[in-house]
Amino acid sequence: MEKLQEKEPSKRKLGLFDATMLVMGSMIGSGIFIVSSDIMRNLGSGYWLIVVWIITGVMTVAAAISYGELSSMFPKAGGQYTYLKEIFGKMMGFLYGWGMFTVIQTGTIAAVAVAFGKFTAYLIPALNDAAPIFQSGSYKITWIQILAIAVILLLTYINTKGVESGKLLQNVFTGSKIIALIGLIILGFLLVKNNFWSENMGFGWSAFNNLKTDFSGNFTKSGWESISGMTIMGGIAAAMVGSVFSSVAWENVTFVSGEIENPKKNVVRSMVLGTSAVMILYLLVNFVYLNGLNRDGIAFAVNDRVAVVVSEQIFGGGLGTIIMAVLVMISTFGCVNGIVLAGSRVFQTMAKDGMFFKAAIENNKNGVPEKSLWMQGIWASVLCLSGQYGNLLDMISFVIVLFYMITVFGVIYLRFKKPDMERPYKTWLYPVTPIVYLLIGAAFCILLLIYKQQYTWPGLVIVLLGVPVYAFINKKKA
């Protein structure tokens, strides 16, 4: 055991800065550039747009603070999977890992990589105009999907070359997109030609929605309907599907705890620093939207690309589109790298527990789980070709929040169950912080179950399909 502990530090190649860059890089993908359109269509007021992002920010930081306690108690690779397995047993850990591999991690990789492809098509119109490589009915394979797969496989390959390679790429791309976002925020107030802030905030606390579509499924500007009471609550929950999805993946840093220096302190520090910084950036970007565009401009931006529209207002048509396309390409490329780097460690930990393919266990000569990386990359590529990942992702915000809630509840459960267990870090403002998260999360999930069932049941079904798989695996063991 002593020999093992002597060797351990040599494996730890990620410092606090690297871990914080991983948190921020995994969070900032394509969502912040798109989802505010959907939020505005659901609620129709600048006040409510800001409220949705503030609620999401409070949720995200409260969860990160709560996770900190668990990360200090279980400072090993596997992160959230390990926490759930240690607290609630192997089956709960497996269901989380199953959901991660089938859609949460791999689906996110696919969606963000395709977003990279779509914004690349702004710079290279031939990508958009090219005929599909294959088409059968409504199903088609396009060059954008092929580009997405190429990005996934390239980043998977780079990460097989060792933690240092993935770390360097992550730091460069995350640093670039943070600087670019700050630049967009500053210039969004200095250079915007028409100021719509007063108009957007003039609606006050009145809420409206405009969710009507034409026969092709495109949203129409057919007039805003005033909403009140519980309908506003349903609107907030529906609007938060996008903001929540834009704010997840910060827990990816817990998956690589085994490679972080002083994980008992640095994992929680990186989560709290990273999530707080990203949520402040998100809020400021939304201030730019409200300053540079009117309500219809935000709600009905072409393909929901509200950031492109506001960039055109700031920099002018051609230049604005190019600047925003490059920013989103940097953002999505770095995001995919962060998620690729982290996810494979979970599947390796599961394999060691006999809950995943045995081949995922071994590290290559560079000290990284190469086969686990390729399994993740290949399945994410298949999801790219399926064309279904977008629909799946709409449905997993509910499941992600559900697993966050179970994990945050684990903090409270362990305080009662194992009060004497060593806690190098204790949740700040306990029990208020975890309770705040649980209350907001419960309200979000219950409202979605009532008002937006299309966002809930499919994701639950995907996770519950893991139950017979778990039974089969354990039957084979027996």
Side-chain angles (χ1 to χ4, degrees), residues 20-21 24-25 27-41 43-54 56-57 115-116 119-120 122-123 171-204 242-243 246-247 273-335:
T20 306
M21 287 293 102
M24 297 181 74
M27 287 178 75
I28 306 171
S30 57
I32 184 58
F33 306 106
I34 296 169
V35 302
S36 292
S37 282
D38 184 60
I39 297 170
M40 186 60 92
R41 282 195 299 271
L43 295 165
S45 157
Y47 273 90
W48 285 110
L49 178 67
I50 292 169
V51 164
V52 165
W53 283 104
I54 288 174
T56 306
F116 173 88
F119 278 91
T120 305
Y122 270 105
L123 299 183
N171 291 349
V172 168
F173 274 85
T174 302
S176 301
K177 62 187 171 187
I178 290 168
I179 292 165
L181 274 175
I182 292 170
L184 176 68
I185 291 160
I186 293 168
L187 295 175
F189 284 98
L190 294 179
L191 301 182
V192 73
K193 296 172 185 66
N194 299 305
N195 188 313
F196 293 99
W197 180 269
S198 298
E199 180 185 326
N200 284 318
M201 304 311 281
F203 299 110
S243 63
S246 303
S247 310
L273 285 171
T275 54
S276 301
V278 169
M279 295 319 298
I280 290 167
L281 282 174
Y282 280 4
L283 204 54
L284 293 173
V285 168
N286 278 279
F287 288 168
V288 172
Y289 297 158
L290 291 168
N291 194 53
L293 300 170
N294 63 14
R295 178 168 68 174
D296 280 5
I298 297 171
F300 303 108
V302 178
N303 293 324
D304 284 357
R305 294 190 177 99
V306 61
V308 170
V309 180
V310 82
S311 189
E312 288 167 351
Q313 294 297 317
I314 298 167
F315 304 108
L319 181 63
T321 302
I322 291 168
I323 288 171
M324 190 48 59
V326 171
L327 171 53
V328 179
M329 285 168 67
I330 291 169
S331 181
T332 47
F333 195 84
C335 181

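This one's a predicted model, so the numbers in the text were calculated from it and none came from an experiment.
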**Asked** Could you go step by step and tell me if V278 and I178 meet the side chain to side chain contact (heavy atoms under 4.5 Å, CB included) rule?
**Response** CA-CA 9 Å; V278 169; I178 290 168; over 6 Å; no
**Message:** Is the ring pair W53/Y282 parallel, tilted or perpendicular, if the boundaries are 30 and 60 degrees?
**Reply:** perpendicular
**Asked** Are side-chain heavy atoms of I50 and L290 found at a separation under 4.5 Å?
**Response** yes
**Item:** Value rounded to 0.5 Å, distance of CE in M279 from CG in L284
**Value:** 11.0 Å
**Message:** I'd like to know if the side chain of K177 reaches the main chain of I28, judged simply by a donor and an acceptor atom lying under 3.5 Å from each other, with no hydrogens or angles considered.
**Reply:** yes
When the side chains of residues 183-198 are checked against the rest of the protein, which donor-acceptor pairs come out under 3.5 Å, sequence neighbours left out?
{"unit_1": "K193", "atom_1": "NZ", "unit_2": "Q313", "atom_2": "O", "d": "2.8"}
{"unit_1": "N195", "atom_1": "OD1", "unit_2": "W197", "atom_2": "N", "d": "2.9"}
{"unit_1": "N195", "atom_1": "ND2", "unit_2": "N291", "atom_2": "OD1", "d": "2.9"}

**Prompt:** Do S37 side-chain atoms and I298 backbone N/O form a donor-acceptor pair below 3.5 Å?
**Reply:** yes
**Asked** S243 and T56: which non-hydrogen atoms are nearest, and at how many Å?
**Response** OG-OG1, 2.7 Å
**Asked** Do the non-hydrogen side-chain atoms of L283 and I54 ever get within less than 4.5 Å of each other?
**Response** yes
**Item:** Non-hydrogen atoms of G29 and S331 that approach each other most closely
**Value:** O-OG, 2.8 Å
**Message:** If you apply the rule side chain to side chain contact (heavy atoms under 4.5 Å, CB included), what do you find for N200 with L49, and how did you get there?
**Reply:** CA-CA 10 Å; N200 284 318; L49 178 67; over 6 Å; no
**Message:** Measuring from atom CE of M24 to atom CG of N171, what distance do you get when rounded to the nearest 0.5 angstrom?
**Reply:** 11.5 Å
**Message:** I need the full list of salt bridge (charged side-chain N to carboxylate O under 4.0 Å, His left out) pairs touching residues 27-41, with sequence neighbours left out, sorted by first then second residue.
**Reply:** D38-R41, R41-D304
**Prompt:** Can you find a heavy atom in the side chain of F33 that is under 4.5 Å from one in the side chain of R305?
**Reply:** no
**Fill in**
Note: F119 and I34 closest approach over all heavy atoms is CE1-CD1, 4.4 Å
**Prompt:** Okay, side chain of T332, backbone of V328: is any donor-acceptor separation there less than 3.5 Å?
**Reply:** yes
**Prompt:** If you take all heavy atoms of S176 and I330, which pair is closest and at what distance?
**Reply:** CB-CG2, 3.8 Å
**Request:** Please lay out, stage by stage, how M40 and Y289 fare under the test side chain to side chain contact (heavy atoms under 4.5 Å, CB included).
**Result:** CA-CA 11 Å; M40 186 60 92; Y289 297 158; over 6 Å; no
**Fill in**
In terms of heavy-atom contacts, G292 and V310 come closest through CA-CG2, 4.1 Å
**Asked** Quick check: does any side chain N or O of T20 sit under 3.5 Å from a backbone N or O of G274, one acting as donor and the other as acceptor?
**Response** no
**Working for side chain to side chain contact (heavy atoms under 4.5 Å, CB included), residues V288 and I314** = CA-CA 10 Å; V288 172; I314 298 167; 4.2 Å; yes
**Asked** Measuring from I39:CD1 to N286:CG, what's the distance to the nearest 0.5 Å?
**Response** 6.5 Å
